[in-house]
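Since the structure comes first, as structure tokens, the remarks are kept for the end.
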Amino acid sequence: MRAFIFFLTLTVLAPLLALPAPDPKPQPQISAVVKEISAKNIEASIQKLVGFGTRHTLSETKSETRGIGAARRWLQAEFNRYRADSGGRLQVAMDEFLQPPDERNPELVQVVNVVATLPGEQPEARDRIYVVSGHYDSRVSDPLNAEADAPGANDDASGVAAVLEMARVMSQKKWDATIVFMAVAGEEQGLFGSTHWARMAKEKKWNIAGMITNDIIGSPHAEGGNFASTRVRLFAEGIPPLREMSEAWLQQIKTGGENDGPTRQLARFIKTQGERYVPGMTVDIIYRKDRYLRGGDHSPFLEAGYPAVRMTEPNEDYRHQHQDVRKEDGVQFGDLPEFVDFEYVAQVARINAASLGALALAPAAPGGVEMETKELTNDTTLHWQANHEPDLAGYEVVWRETTAPLWQRSLAAGKETRFTVPKVSKDNYLFGVVAIDADGNRSPAVYPVPAAK
Ligand SMILES: [Zn+2]
């Protein structure tokens with residue numbers, strides 16, 4: 001009996017003995033980016049954006065000092081300033097279009113996204129695009145009020161300031177894949193800017209391998225005194241809420257992979273890399289597309305089929321969100337800069353930059369990952385398609401218990417595109433395959449679909 005228990009213990013523990021490969025030393029380039037992100041610059045950008053009075057999508061566009069037109073011209077000039085420091089590599093564009101009238105825009109309105117693209121340096125990786133966004137439009141209590149002061153310091157000058165600072169710092173360095181830094185408009189009227197851009201990307205069949213929107217990342221303080229300056233929420237959708245389920249999702253759900261879609265893999269990657277490069281910060285993944293029944297600029301990207309997540313502060317303060325600037329019974333309402341913690345915004349920007357940098361240095365996540373099912377066996381065999389980056393070093397098979405949120409174990413698979421994990425059953429664990437380059441940069445994991453028998 002004792003021998004049997006000993007045997008049982010060994011059998012159960014065996015899968016846990018293959019510890020994950022030690023994290024390679026931090027990439028100096030990512031550490032430098034994290035260090036160079038400045039709370040002072042972020043504060044200056046937020047104050048400048050608030051200084052335009054209102055950035056309502058239907059506001060004044062001719063003035064040089066007030067309204068959304070002045071705000072976007074300033075954003076364009078900022079990106080162009082970074083372009084000069086990037087040796088001309090950062091490409092700045094105004095993505096303009098006319099949004100037809102709707103509930104929240106009584107008249108045809110010109111909407112402009114300000115977009116800065118840093119092309120990847122590696123030809124094999126250049127078509128792989130990562131997008132980071134914030135929205136520069138703002139609003140008060142009445143969503144149609146384009147006249148009143150709408151400072152939008154937290155919602156969402158904080159996100160835009162973080163995107164600007166990332167563009168400034170990251171465009172001075174070289175990355176394998178392409179990074180798009182985007183300040184969108186029309187968010188408060190119905191996600192106009194992000195919808196336009198995501199649909200265009202889908203039409204052009206662009207490979208958006210990951211998208212992060214930063215919206216309301218300005219303060220760790222909430223009404224009622226909740227305070228969590230070392231945490232940020234990362235909203236990540238599981239299965240998309242569609243009436244018609246795609247074949248890919250069907251295959252995934254059939255095998256218990258409902259928590260392993262591309263967006264959840266992106267969230268795991270951001271949590272792991274963000275916390276690795278920004279010690280002291282915790283990324284709280286929330287298994288939900290957004291806050292309860294609310295939406296943001298990642299939604300149109302998800303609808304277009306791209307992995308996309310939302311970063312938001314840990315506790316929102318609704319006295320300072322979508323409110324007319326006013327005092328009631330001595331309480332100040334309104335989204336004013338005095339309620340933004342610039343150092344906190346910088347920490348969230350650092351998490352973003354570390355994750356984007358790690359994504360843009362790493363090889364693409366492997367394609368065609370499949371689980372072999374021909375024979376009933378307690379070993380687990382996976383195969384996948386070869387990557388084509390010249391700096392590819394090989395692959396790694398990762399796995400975790402089915403109830404665990406993050407990868408727990410791994411084995412190096414070398415340069416082969418087929419690998420067997422002995423004595424670890426696919427019945428009991430969730431698996432993934434990761435690509436690794438010569439510097440130790442790892443891609444997000446890909447969940448295997450069952451191979452045809
Ligand atoms: Zn917002």
| task | Determine yes or no for a side-chain-to-main-chain donor-acceptor pair under 3.5 angstrom, with N113 supplying the side chain and V115 the backbone. | result | no

| request: Could you tell me whether the side chain of S63 and the main chain of T65 form a donor-acceptor pair under 3.5 Å? | output: yes

| Within the distance-only criterion (no hydrogens, no angle test), does the side chain of Q252 pair as donor or acceptor with the backbone N or O of G257 below 3.5 angstrom? | yes

| task | In plain terms, say whether R168 and D85 are close enough for a salt bridge, that is, a side-chain N and a carboxylate O under 4.0 Å apart. | result | no

| From CA spacing to verdict: salt bridge (charged side-chain N to carboxylate O under 4.0 Å, His left out), E36, K173 | CA-CA 12 Å; E36 286 162 24; K173 304 197 163 41; 3.1 Å; yes

| Ionic contact status for R128 with E389, cut-off 4.0 Å | yes

| request: Please lay out, stage by stage, how H298 and D215 fare under the test side chain to side chain contact (heavy atoms under 4.5 Å, CB included). | output: CA-CA 10 Å; H298 58 317; D215 197 352; over 6 Å; no

| field | Side chains of Y136 and I68 in contact at under 4.5 Å (non-hydrogen atoms) | value | yes

| task | Let me see the working for L191 and S299 under side chain to side chain contact (heavy atoms under 4.5 Å, CB included), right down to the final yes or no. | result | CA-CA 8 Å; L191 312 178; S299 306; 4.2 Å; yes

| request: Measure from the side-chain N and O atoms of W407 to the backbone N and O of R268, and report whether any donor-acceptor pair falls under 3.5 Å. | output: no

| message | Taking the basic N atoms (NZ, or NE/NH1/NH2) and the acidic carboxylate oxygens, is any pair closer than 4.0 Å for E316 and R233? | response | yes

| message | A side-chain contact here means heavy atoms from C-beta on lying under 4.5 Å apart; do L382 and V433 qualify? | response | yes

| message | Please check this pair: side chain of S219 against backbone of D341, looking for a donor-acceptor N/O pair closer than 3.5 Å. | response | no

| message | Taking ring-ring contact (aromatic ring centres under 6.0 Å, His included) as the definition, give me every residue that meets it alongside F339, ordered by chain and number, with sequence neighbours left out. | response | H320

| field | Intermediate values then yes/no, salt bridge (charged side-chain N to carboxylate O under 4.0 Å, His left out), R66 and D149 | value | CA-CA 10 Å; R66 187 177 176 87; D149 275 354; 2.9 Å; yes

| R139 side-chain N/O to S141 backbone N/O, donor-acceptor pair under 3.5 Å | yes

| Looking at side-chain heavy atoms only, is the closest gap between V131 and W197 below 4.5 Å? | yes

| Distance, nearest 0.5 Å, that separates CD1 of I42 from OH of Y344 | 12.0 Å

| said: Would you say that more than 12 heavy atoms from the other residues, nucleotides or ligands in this model lie under 6.0 Å from the CD of Q332, or not? | reply: yes

| field | Contacts of A44 that satisfy side-chain contact (heavy atoms from CB on, under 4.5 Å) - sequence neighbours left out | value | none

| Partners passing salt bridge (charged side-chain N to carboxylate O under 4.0 Å, His left out) against R89 (at least two apart in sequence or in another chain) | E121

| field | Side-chain (R442) to main-chain (I436) donor-acceptor, under 3.5 angstrom | value | no

| said: Among residues at least two apart in sequence or on other chains, which ones pass side-chain contact (heavy atoms from CB on, under 4.5 Å) with K204? | reply: M200, W206

| query | Which residues satisfy the side-chain contact (heavy atoms from CB on, under 4.5 Å) test with K202, sequence neighbours excluded? | reply | A304, Y306

| Interatomic spacing from OH in Y130 to OG1 in T178 - rounded to 0.5 Å | 10.0 Å

| remark: Output for pair (M166 CE, F181 CZ), nearest 0.5 Å, gives 7.5 Å

| request: Could you tell me whether R264 sits above the aromatic face of Y287, with NZ or CZ closer than 6.0 angstrom to the six-membered ring centre and within 45 degrees of the axis? | output: yes

| query | Tell me, do W74 and F52 make a side-chain contact under 4.5 Å, heavy atoms counted? | reply | yes

| field | Heavy-atom donor-acceptor pair, D290 side chain to R310 backbone, under 3.5 Å | value | no

| When you measure from the side chain of E107 to the backbone N and O of V109, does any donor-acceptor pair fall under 3.5 Å? | no

| Ion pair present between K271 and E275, side-chain N to carboxylate O less than 4.0 angstrom? | yes

| request: Output all residues satisfying ring-ring contact (aromatic ring centres under 6.0 Å, His included) with F97, sequence neighbours left out; order by chain, then residue number. | output: H196

| query | Tell me, do R72 and T61 make a side-chain contact under 4.5 Å, heavy atoms counted? | reply | yes

| remark: The salt bridge (charged side-chain N to carboxylate O under 4.0 Å, His left out) partners of R288 (sequence neighbours excluded) come to none

| request: Compare all side-chain heavy atoms of V434 with those of E396 and state whether any distance is below 4.5 angstrom. | output: yes

| said: Between R231 (side chain only) and T282 (backbone N and O only), is there a donor and an acceptor less than 3.5 Å apart? | reply: no

| task | Check salt bridge (charged side-chain N to carboxylate O under 4.0 Å, His left out) between E328 and all other residues, then give those that pass, not counting sequence neighbours. | result | R326

| field | Ion pair R104/E187, N-O distance below 4.0 Å | value | no

| How would you list, by chain and number, every residue that makes a side-chain contact (heavy atoms from CB on, under 4.5 Å) with A386, sequence neighbours excluded? | Y395, T417

| field | M245 side chain near I253 side chain, heavy-atom distance below 4.5 Å | value | yes

| Is any side-chain heavy atom of D391 closer than 4.5 Å to a side-chain heavy atom of D439? | no

Can you give me every donor-acceptor pair (side chain of residues 152-159, partner residue at least two apart or in another chain, under 3.5 Å) with its distance?
unit_1, atom_1, unit_2, atom_2, d
N154, OD1, S158, OG, 3.4
N154, OD1, I217, N, 3.4
N154, OD1, G218, N, 2.8
N154, ND2, E313, OE1, 2.9
D155, OD1, H135, NE2, 2.9
D155, OD2, H322, NE2, 2.9
D156, OD1, G159, N, 3.0
D156, OD1, I216, N, 3.2
D156, OD2, H135, N, 2.8
S158, OG, N154, O, 2.6
S158, OG, I217, N, 3.1

| query | Which residues satisfy the ring-ring contact (aromatic ring centres under 6.0 Å, His included) test with W249, sequence neighbours excluded? | reply | none

| Partners passing salt bridge (charged side-chain N to carboxylate O under 4.0 Å, His left out) against D95 (at least two apart in sequence or in another chain) | none

| SB check D127 K205 (cutoff 4.0 Å) | no

| message | Take a 6.0 Å sphere around CD of E147 and say whether it holds more than 12 heavy atoms from other residues, nucleotides or ligands. | response | no

| task | Would you check if there is a donor-acceptor pair between the side chains of R350 and Q347 at a distance under 3.5 Å? | result | yes

| message | Can you tell whether the side chains of R400 and D260 come within less than 4.0 Å, N to carboxylate O? | response | yes

| query | Heavy-atom count around E338 CD within 6.0 Å, excluding the residue itself: above 12? | reply | yes

| Euclidean distance, N80 CG relative to L90 CG, rounded to 0.5 Å | 8.0 Å

